[in-house]
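Notes follow the structure.
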Amino acid sequence: MEMSNPFLELAATGKNAWWRYVLGVLLVLMMWMIGTAIILIPVTLQIVSEASPFGLALALLTFAPMLLGPMLVTRWLHGRPVATLVGPERRLNWRRIGVGALLWLVLAGLATLVDALLRPGQYMLNPAFFQNLPLLLVGLFLIPLQTSAEEVFFRGYLLQATGRLTRNGLVLSVINGVVFTLPHLANPEAESNAVLAGLNWFVFGFFATLITLRSGSLDYALGIHAVNNLFGLIIAGYEGGALPALALFVASELDAAYALLSLLVAVLAASLFLNRLEAPGVPTASRQEQRYG
């Protein structure tokens, strides 16, 4: 069902000709690719090891152009404030970000605990955990940059762009989930089982889009995405993934089927919790339309 949505309506405050979005996406991708090539010059020339803290920092800093790109395009190509990519309040809501982060931390912890109980011996305590502290600190500070860049581009710019075509939340969530999956198929996880890995990324992208539309802002998605990646880096990770296996507990391999099943359960639980939190009796979109309409 199509309905007015305060997050999508923000695009109407700027210039929205179709060619501006096509050009905007191309400019963002160009900035990201060129920026990545420049940032990784020390690694490419083997001046810096990609396994070193500085190498990890450079790899994560490649997402800075992805974050900056949508901001510049929104301001200069579409002629609207950068803050409209976040939500109607035009500022970050740290309470919502914190709630999303804490909720996903609990759900990820429970999923990992169940996995450890179902597969005894699969997770091993990482003896090099404290030796990897410099790498972990780099990840702690810069992974939120990576996840925020993805959220601003996919759930911010691209979602508002496709919202010019349809206001159907399910359709937009499917589109965004598919687009979010495509670049992730280059990750190592896709090499062993591209279908299950792809479904994992699709479900996460679908969910992040749905809660963005439901809450009317990027806040929950920002918190959830950051904790999702930080959890895999610091608390429980696995060998052979996109993130280095530095976590306190490390599994020898990723069980893609269980990962998908646990993600579906976590998404359902998180959706129910956030819907109840955001709409104790009145739909969130309706409340925000009354507030900002």
Side-chain angles (χ1 to χ4, degrees), residues 1-2 5 7-8 21 25 28-29 32 63 66 70 100-101 103-104 107-108 110-112 114-115 143 146-163 165-215 218-233 236-238 240-243 253-275:
M1 180 178 67
E2 296 194 11
N5 184 284
F7 184 75
L8 299 178
Y21 285 105
V25 170
V28 172
L29 293 177
W32 184 30
F63 287 89
M66 177 188 272
L103 173 63
W104 203 254
L107 292 173
L110 290 174
T112 302
V114 171
D115 188 23
I143 277 184
Q146 175 239 324
T147 56
S148 297
E150 292 187 356
E151 290 306 317
V152 168
F153 180 53
F154 289 103
R155 255 69 68 181
Y157 186 73
L158 286 181
L159 177 55
Q160 289 179 344
T162 51
L165 303 175
T166 177
R167 295 303 170 92
N168 187 301
L170 291 178
V171 172
L172 289 171
S173 297
V174 169
I175 293 172
N176 204 274
V178 170
V179 176
F180 181 70
T181 299
L182 295 177
H184 287 84
L185 290 175
N187 288 359
E189 289 88 344
E191 294 178 5
S192 57
N193 196 320
V195 173
L196 287 178
L199 285 173
N200 270 276
W201 292 311
F202 170 78
V203 169
F204 189 88
F206 180 95
F207 165 63
T209 304
L210 208 57
I211 61 171
T212 296
L213 292 172
R214 178 64 175 166
S215 66
L218 282 182
D219 300 314
Y220 288 127
L222 286 168
I224 288 171
H225 200 164
V227 163
N228 183 76
N229 288 22
L230 285 171
F231 188 92
L233 179 77
Y238 50 87
L243 293 173
E253 62 180 358
L254 172 68
D255 185 336
Y258 176 79
L260 178 59
L261 177 61
S262 62
L263 176 61
L264 288 169
V265 173
V267 161
L268 178 60
S271 297
L272 292 173
F273 178 84
L274 293 176
N275 283 345

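Start at 1 with the first residue, then count along the sequence.
The CG atom of Leu172 sits 8.5 Å away from atom CZ of Arg167, with the distance rounded to the nearest 0.5 Å. Note that the CG atom of Leu107 and the OG atom of Ser262 stand 10.0 Å from one another [nearest 0.5 Å]. Taken to the nearest 0.5 Å, the OG1 atom of Thr212 stands 6.0 Å off from the CZ atom of Phe7. Atom CZ in Phe231 sits 12.5 Å away from atom CG in Leu243 (nearest 0.5 Å). Put simply, CZ on Arg214 and CG on Asn275 are 4.5 Å apart, with the number rounded to the nearest 0.5 Å. Rounding to the nearest 0.5 angstrom, the gap separating the CZ atom in Phe207 from the CG atom in Leu264 is 11.5 Å.
Checked by atom type and distance alone, the side chain of Asn176 pairs as donor or acceptor with a backbone atom of Phe154 at under 3.5 Å. Here the side chain of Glu151 pairs no donor or acceptor atom with the backbone of His225 at under 3.5 angstrom. With Asn5 contributing its side chain and Leu213 its backbone, the two residues share a donor-acceptor pair below 3.5 Å.
The aromatic ring centroids of Tyr220 and Trp104 lie 6.0 Å or more from each other. Centroid-to-centroid, the aromatic rings of Phe180 and Phe206 stay 6.0 Å apart or farther.
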Verdict with reasoning, Val203 to Val267, per side-chain contact (heavy atoms from CB on, under 4.5 Å): CA-CA 8 Å; Val203 169; Val267 161; 4.0 Å; yes
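Considering all non-hydrogen atoms of both residues, Val227 and Ala101 come closest at CG2-CB, 3.3 Å. When all heavy atoms are compared, the tightest approach of Ile143 to Ala226 is CG2-O, 4.3 Å. Shown here for Ala256 and Asn200, the closest heavy-atom pair between the two residues is O-ND2, 3.6 Å. Looking at every heavy atom in both residues, Ala242 comes nearest to Glu189 through N-OE2, 3.0 Å. The two residues Ala259 and Leu254 make their nearest non-hydrogen contact at CB-CD1, 4.0 Å.
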